[in-house]
Amino acid sequence: MRLKRVSADDVGRERQPAVPRAIIPTVLEIIESVREGGEDALREYAERWDGLDAGGALVRTPGEMEAALDSLPRTDRDVLERTASRIEHFARAQMEAAAPVSVPVEGGTAGDRVVPVRVAGCYAPGGRFPLPSSVLMTAVTARVAGVREVWLASPKPSREVMAAGAVAGVDGLLGVGGAQAVAAMAYGVPPVPRCDVVVGPGNQWVTAAKLLLSGIVGIDLLAGPSELAVLSDEDGDPALIAADLLAQAEHDPAALPVLITTSGDLVARVERELERQLASLPTAETAIAALHNGFAVVAPEAEALRCCEELAPEHLQLHGGRAEAWAQVLDRFGAVFVTESVAEVFGDYGAGPNHTLPTGGTARFTGGLSVLSFLRRPTWLRLEPGRERDLLARDAAALARMEGLEAHARAAEMRDASRSPPGPVETGSGQRAS
């Protein structure tokens, strides 16, 4: 299995957009259809694309999800519950760090509150591979943030997805996928309520809908095809590197597995390992397509580090003898996995940090899903009459007049106790007003 070779300077050109422009008109049509047609339109799309039986239930109840959980083998249930516990533990630590602030200001006090949204919609893919892990990552985190009502959307929900919904305590499951599910959660199609935020990974149709509805509903991020960049020096273990690349590649033919290394010899050894491991991999067809989509870069250390920063990958895995040192200088990634002892899949499957992460280079300016995705921080201001407030009033009035906003200036000056009350104002008729 030969990886395409790419120069360090061409790394940025190897990316495809998370949302292809060609699908935008169709997604808009779906969104408008669901907004105007409600349940009838939603049902039509679900029967056409999501395998819903004619007249079948669109929504699964908490009782049905509990029954799915009860039907699981005890070992599978334990895995879901342990994973949920790890996600919850990490999310609670994040919650503690999101404390409200209160600071003295001239004449009083200012601060903010940390307030959860009231209703969250969580999307979990259900296509090639149903993902109960995404149910836990999104819904457990929403609950820790304090969201009152949490809904899940997942097409053709498997028993494991429904069981994960029960473990996470969701209020209902919409068995619909794609852009139509996002539209239903954004606008509300009873019994699915109008959600304040819609979060979670999905295919390009889901991502396009989140992009187009982001002014109507809050979103976490625009997640494109999954990505892994492995950075290694000559000391990396080719078997482990190949295993990590294949774990990412089997997600989707459009996934992006990348090897960046200071050693050309390592690339050849990794390619031999890819061949060996692919021979027994059940998902080899998908993985091979993704490997053709990925590439390898061989460059001196400084250029290799620059490649990682340029890519700003969803997942960055550090192998070899320089892994710890590199972890101290790199910061453009959704999540980093330091040394070969940490498989990226540990992040996928619930070590604690969330696996819903920025792709397509957006890690340059955003992070992954967290409790912060479900929180608002409205601010407040309290001032007492006095010299400090009067100075603030004068400055506010002066700044307002710089901007040509006289009503702003007058509203500020009316709070300036040191200012003489304004005299009578001439009206347009020549009369005096008091």
Side-chain angles (χ1 to χ4, degrees), residues 58-70 72 76-95 98 116-126 129-177 181-182 184-186 188 191-202 206 210 217-221 223 347-357 368-375:
L58 287 170
V59 169
R60 311 298 177 87
T61 65
E64 290 175 286
M65 287 182 274
E66 284 290 342
L69 179 61
D70 290 340
L72 283 184
D76 290 352
R77 178 172 182 151
D78 288 346
V79 167
L80 290 177
E81 291 176 344
R82 283 197 302 271
T83 302
S85 178
R86 295 183 189 112
I87 295 167
E88 179 180 357
H89 176 71
F90 190 83
R92 289 200 180 283
Q94 289 181 316
M95 216 29 211
V117 301
R118 295 182 181 179
V119 186
C122 300
Y123 190 91
F129 304 110
L131 301 180
S133 58
S134 289
V135 177
L136 300 177
M137 291 287 179
T138 54
V140 170
T141 306
R143 285 299 191 201
V144 172
V147 179
R148 295 182 195 174
E149 191 170 357
V150 179
W151 277 75
L152 174 64
S154 187
K156 295 175 285 190
S158 67
R159 179 177 65 163
E160 291 76 16
V161 163
M162 291 181 62
V167 170
V170 303
D171 293 283
L173 190 162
L174 175 64
V176 177
V182 179
M185 292 189 287
V192 180
R194 180 177 182 177
C195 296
D196 300 313
V197 297
V198 173
V199 305
V206 171
K210 288 169 71 176
V217 67
I219 66 170
D220 49 349
L221 46 84
D348 284 347
Y349 291 124
N354 211 283
H355 80 191
T356 306
L357 298 167
L369 180 74
S370 72
V371 290
L372 302 179
S373 305
F374 303 99
L375 299 177

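All of these numbers come straight from a predicted model, not from anything done at the bench.
Legend: residues meeting side-chain hydrogen bond (donor to acceptor under 3.5 Å, both in side chains) with Ser373, ordered by chain and number and at least two apart, are absent. The salt bridge (Lys or Arg N to Asp or Glu O under 4.0 Å) check on Arg92 picks up Glu88, with sequence neighbours excluded. Annotation: salt bridge (Lys or Arg N to Asp or Glu O under 4.0 Å) contacts of Asp76 (sequence neighbours excluded): none. Residues passing the side chain to side chain contact (heavy atoms under 4.5 Å, CB included) test with Ser133, sequence neighbours excluded: Leu131, Tyr349, His355. Applying the side-chain hydrogen bond (donor to acceptor under 3.5 Å, both in side chains) rule to Asn354 yields the partners Thr141, Thr356; only residues at least two apart in sequence or on another chain are considered.
By the 4.5 Å heavy-atom criterion applied to side chains, Val59 and Val192 are counted as neighbours. Contact of the Asp196 side chain with the Phe374 side chain is not registered, since no non-hydrogen atoms from C-beta on lie closer than 4.5 Å. In this structure the side chain of Pro353 reaches within 4.5 angstrom of the side chain of Phe90, judged on heavy atoms.
In terms of heavy-atom proximity, Pro157 sits nearest to Leu173 at CG-CD2, 3.8 Å. Across Val198 and Val182, no two heavy atoms sit closer than the pair CG1-CG1, 4.3 Å. Across every non-hydrogen atom of Pro201 and Tyr123, the tightest pair is O-CD2, 3.2 Å.
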Review item, side-chain donor-acceptor pairs of residues 60-69, under 3.5 Å, at least two apart:
residue: Thr61; atom: OG1; partner: Gly63; partner atom: N; Å: 3.4
residue: Thr61; atom: OG1; partner: Glu64; partner atom: N; Å: 3.2
residue: Thr61; atom: OG1; partner: Glu64; partner atom: OE1; Å: 3.3
residue: Glu64; atom: OE1; partner: Thr61; partner atom: N; Å: 2.8

Without placing hydrogens or testing angles, list every side-chain donor-acceptor pair under 3.5 Å for residues 146-154, not counting sequence neighbours.
residue: Glu149; atom: OE2; partner: Trp151; partner atom: NE1; Å: 3.0
residue: Ser154; atom: OG; partner: Ala124; partner atom: O; Å: 2.8

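Among pairs with a residue in residues 154-172, those fulfilling salt bridge (Lys or Arg N to Asp or Glu O under 4.0 Å) read Arg143-Asp171, at least two apart in sequence or across chains.
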